[in-house]
S.K.: 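Okay, here's the structure, questions in a sec.
Naming convention: chains lettered A, B, ... in sequence-line order (proteins, then strands); numbering from 1 in each chain.
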Number of protein chains: 2
Amino acid sequence: MQLELSVDRGSPVPLYFQLAQQLEAAIEHGRLTPGSLLGNEIELAGRLGLSRPTVRQAIQSLVDKGLLVRRRGVGTQVVHSQVKRPLELSSLYDDLESAGQRPATKVLVNTVVPASAEIAAALGVAEAGEVHRIERLRLAHGEPIAYLCNYLPPGLLDLDTGQLEATGLYRLMRAAGITLHSARQTIGARAAGAVEAERLGEETGAPLLTMERVTFDDTGRAVEFGTHIYRPGRYSFEFQLLVRP
Amino acid sequence: MQLELSVDRGSPVPLYFQLAQQLEAAIEHGRLTPGSLLGNEIELAGRLGLSRPTVRQAIQSLVDKGLLVRRRGVGTQVVHSQVKRPLELSSLYDDLESAGQRPATKVLVNTVVPASAEIAAALGVAEAGEVHRIERLRLAHGEPIAYLCNYLPPGLLDLDTGQLEATGLYRLMRAAGITLHSARQTIGARAAGAVEAERLGEETGAPLLTMERVTFDDTGRAVEFGTHIYRPGRYSFEFQLLVRP
DNA sequence: GAGTGGTCTAGACCACTGC
DNA sequence: CAGTGGTCTAGACCACTCT
């Protein structure tokens with residue numbers, strides 16, 4: 001296991017993070033093969049001129065990502081399985097883009113409406129208070145993929161139709177300084193009604209994949225409530241889960 | 001913020017874990033209210049007779065769970081939102097049971113078959129090599145909920161039909177000493193074929209929710225490949241996601 | 001028994017936030 | 001400016017695994 005590792009103490013990047021990046025890259029590029037032992041922490045610390053807690057912090061971050069497994073009395077091993085990307089709070093737009101699908105968005109509605117009881121409860125605003133409502137058709141290669149209906153609390157974000165057509169909602173939120181923290185999602189299926197079928201280019205009664213989501217920022221505010229429907233032949237939810245240790 | 005905290009140095013439970021448990025319980029029971037500041041780490045360490053790194057480890061574990069948020073220069077706050085259970089590698093059986101749904105299982109098939117190309121690839125075994133195949137109908141309150149088809153590599157587990165009818169597959173695996181590590185899942189939808197429709201008590205062409213999954217243990221072995229179909233009126237996937245920091 | 005990770009200490013300096 | 005979390009050190013002892 002002759003792995004070249006080094007840290008730059010002049011860098012503003014934390015030492016443990018530099019080490020974690022190098023180890024991750026080594027795993028990614030096959031220089032650290034699955035099942036191989038990483039070598040003990042003390043020796044690694046000595047070789048790099050770091051303290052053991054710092055090395056441990058680097059290793060722990062990769063254990064949390066599911067790339068390494070520690071066994072007391074044995075050592076730290078590279079996981080065999082093909083962990084690619086653990087589940088993230090994903091943006092459909094980004095998913096499509098990174099899959100090379102050339103996403104496009106058609107904004108159908110961008111307005112302010114009074115909140116229904118359900119929406120008020122989800123967003124934690126007063127019933128009949130104003131909320132933003134946006135409806136979008138998401139396309140890939142010109143074909144409709146999904147119909148997205150979202151509600152946002154007032155005053156959170158400037159919802160410019162041009163921006164909504166150029167990128168995803170989550171990216172706009174992050175750009176506005178909102179720190180996304182968690183989301184509650186429900187994924188189901190149902191038959192298409194006549195209107196949705198027509199919008200998505202499906203037959204009435206065709207199966208649709210549905211997703212309902214409330215997203216919270218790091219202060220606990222609900223920042224978005226959405227009900228989305230997807231054409232199941234064109235999209236499915238795919239993700240990697242890690243067992244919480 | 002007069003919170004009673006104490007640690008037992010005689011206990012085999014790690015100190016950071018004791019502290020984390022007490023803080024979590026305090027949040028759970030409302031003694032630490034959402035948005036309240038936790039008090040700085042140095043003071044907390046002094047009050048408990050612990051070192052700061054130990055206190056930080058406790059706090060960090062709750063940050064990882066999504067219960068706390070740290071802000072540099074500000075402090076550590078209890079998150080407002082209703083984080084209940086973050087996404088786990090869930091067992092349908094356990095989900096139904098904890099929802100009070102009285103799950104039952106009817107084992108339809110429990111046999112050994114040669115692996116098809118797809119199954120061999122998913123499980124990492126030789127094509128046409130032997131694999132276990134089990135087909136189960138999962139019921140709640142006597143109503144069919146899902147049809148589960150699973151493949152397991154040979155020699156991993158004794159698949160006793162009686163046990164399969166009494167509990168879930170994951171629970172049997174854990175009981176056999178298998179440490180589940182990660183899973184790759186795909187959730188989609190499609191129309192019911194005639195056979196599946198009849199098994200689940202739906203009409204042909206009715207929408208079905210589908211899930212395909214490969215589960216890995218901590219050595220990286222694939223331990224299970226499954227294709228499941230669910231009645232969308234009776235079941236949906238619901239989970240809380242945390243944004244990876 | 002030798003070697004591993006798991007836990008813990010008592011300090012230190014820095015970067016960021018808010019007043 | 002004071003106060004916070006973020007990072008880092010150089011040790012220590014313990015629990016577990018393997019031979």
S.K.: Does B:P14 have any side chain to side chain contact (heavy atoms under 4.5 Å, CB included) partners at least two apart in sequence or in another chain, and if so, which?
M.R.: B:Y16, B:F17
S.K.: Please report, to 0.1 Å, the donor-acceptor pairs under 3.5 Å made by any side chain of residues 118-133 of chain B, with sequence neighbours excluded.
M.R.:
unit_1 : atom_1 : unit_2 : atom_2 : d
B:R133 : NE     : B:E135 : OE2    : 2.8
B:R133 : NH1    : B:Y151 : OH     : 2.4
B:R133 : NH2    : B:E135 : OE2    : 2.5

S.K.: According to side-chain hydrogen bond (donor to acceptor under 3.5 Å, both in side chains), who are the partners of A:T54, at least two apart in sequence or on a separate chain?
M.R.: A:S51
S.K.: For B:R9 and D:dC13, give me the distance from atom CZ to atom P, rounded to whole Å.
M.R.: 15 Å
S.K.: Does B:R52 make a side-chain N or O approach to OP1 or OP2 of C:dA10 shorter than 4.0 Å?
M.R.: no
S.K.: Just by distance, no angles: are the side chains of A:N150 and A:R136 close enough, under 3.5 Å, to form a donor-acceptor pair?
M.R.: yes
S.K.: Under 4.0 Å between a side-chain N or O of A:S51 and OP1 or OP2 of D:dG11?
M.R.: no
S.K.: Whole angstrom is fine here: how far is it from CD in B:E43 over to C1' in D:dT4?
M.R.: 13 Å
S.K.: Rounded to the Å, how far apart are B:N40 CG and D:dA2 P?
M.R.: 16 Å
S.K.: Report the distance from atom CD1 of B:I59 to atom C1' of D:dG5, rounded to the nearest whole Å.
M.R.: 9 Å
S.K.: May I ask you to say whether A:E43 pairs ionically with A:R52, meaning some side-chain N is under 4.0 Å from a carboxylate O?
M.R.: no
S.K.: Which nucleotide sits closest to the side chain of B:R56: D:dC8, D:dG5, C:dT7?
M.R.: D:dG5
S.K.: Whole-Å distance between C:dG5 P and A:Q57 CD?
M.R.: 17 Å
S.K.: Are the charged groups of B:R184 and B:E212 less than 4.0 angstrom apart, N to O?
M.R.: no
S.K.: If I take atom CG in residue A:L44 and atom C1' in nucleotide C:dG3, what distance separates them, rounded to the nearest angstrom?
M.R.: 16 Å
S.K.: It should be established whether B:T76 places a side-chain nitrogen or oxygen under 4.0 Å from OP1 or OP2 of nucleotide D:dT4.
M.R.: no
S.K.: Which residues, if any, of residues 11-20 of chain B bring a heavy atom under 4.0 Å of DNA chain D?
M.R.: none
S.K.: Can you list everything that forms a side chain to side chain contact (heavy atoms under 4.5 Å, CB included) with B:N110? Sequence neighbours excluded, please.
M.R.: B:V107, B:I134, B:L159, B:T161, B:L164
S.K.: Whole angstroms only, please: what is the CD-C1' distance between A:E41 and D:dT9?
M.R.: 16 Å
S.K.: Whole-Å distance between C:dG6 P and A:Q60 CD?
M.R.: 7 Å
S.K.: Under 3.5 Å, is there a donor-acceptor pair between the A:R70 and A:T76 side chains?
M.R.: no
S.K.: Find every protein N or O atom lying less than 3.5 Å from an N or O atom of nucleotides 14-18 of chain C, and list the pairs.
M.R.:
unit_1 : atom_1 : unit_2 : atom_2 : d
C:dA15 : O4'    : B:R72  : NH1    : 3.1
C:dT17 : O4'    : B:R72  : O      : 3.4

S.K.: Between A:K65 and A:E24 (salt bridge meaning N to carboxylate O under 4.0 Å), is one present in this structure?
M.R.: yes
